[in-house]
Each structure stands twice: as structure tokens, then as C-alpha cells.
Amino acid sequence: MTMDLLCTHIDQIRPVKPGTEGCEECLAAGDGWVHLRMCLSCGHVGCCDSSKNRHATRHYRSTEHPIAASYEPGEDWAWCYADQLMLDPA
């Protein structure tokens, strides 16, 4: 995936693997989610902002890991929380 040149946080993307198959915090709490996002700095999987717990955004706020990719089958995009930019694949 090639990221938009306007994103100033591309250097924080790492080769990561997902830490869980679902939202880490929701799985621990026995809760559900709408869609999943994976942190491209550490591999944390969290639920999207359409989910009631918004764990992906909470992860960004607590760690400042700026970029999360969709962890949904067939989706190939990412979001930079810090720059508020959608990042499209090349």
C-alpha cells in the first residue's frame, strides 16, 4: 500500500500482524463491533467509530500510533488519525 504524500506519519508504518482476530478489548469484555481497524504501528485490532466502544480511536489516543488500516475482507485503505486523512492504496 502506498500512502498519500500529504500524510506526515508514513514513517510510523511497520510490518505488523494482527494481534487478534477481532477487537481486542471487545473480545475481552464479551462485546461486539461493527467493523475492525488494525494499527499499522503495532498490529492492535480495534473496533471502528461506528461501533459503540470505538476502540481503534481509543488506541490512537492512548498510544499516538497514527495510522490504522481497515481489517475488513476486501477493503484496502487506511486512515491517519493525526493528519485526518484517508490513505488509498496505490
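For V45 against M38, the heavy-atom pair with the smallest separation is CG2-CG, 4.2 Å. When all heavy atoms of A78 and I67 are compared, the pair lying nearest together is CB-CG2, 3.9 Å. Nearest heavy-atom pair across C47 and W33 is CB-CB, 3.5 Å.
Note on Y81: it clusters hydrophobically with W77, by side-chain heavy-atom contacts below 4.5 Å among ILVMFWY residues.
One finds the CD1 atom of I10 at 11.0 Å from the CG atom of L40 (value rounded to the nearest 0.5 Å). The NE2 atom of H59 sits 7.0 Å away from the OG atom of S41 when rounded to the nearest 0.5 Å. From H35, atom NE2 reaches atom OG of S70 across 8.0 Å, with rounding to the nearest 0.5 Å. Atoms CG and SG, on N53 and C23 in that order, are 7.0 Å from each other to the nearest 0.5 Å. Distance check, rounded to the nearest 0.5 Å: NE2 of H44 to OH of Y60 gives 15.5 Å.
With hydrogens and angles ignored, the 3.5 Å screen pairs no side-chain donor or acceptor of D83 with any backbone N or O of C7.
The salt bridge (charged side-chain N to carboxylate O under 4.0 Å, His left out) contacts involving residues 44-67 comprise D31-K52, where partners must be two or more places apart or lie in separate chains. Residue pairs that meet the salt bridge (charged side-chain N to carboxylate O under 4.0 Å, His left out) test with at least one member in residues 14-26, sequence neighbours left out, do not exist here.
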* Take C39 and V16 through the test side-chain contact (heavy atoms from CB on, under 4.5 Å) and record every step on the way to the result. => CA-CA 8 Å; C39 175; V16 296; over 6 Å; no

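A 4.5 Å side-chain heavy-atom check between W79 and M86 finds at least one atom pair inside the cut-off. At least one side-chain heavy atom of C26 sits less than 4.5 Å from a side-chain heavy atom of H55.
By the side chain to side chain contact (heavy atoms under 4.5 Å, CB included) test, S62 pairs with no residue at all, sequence neighbours left out.
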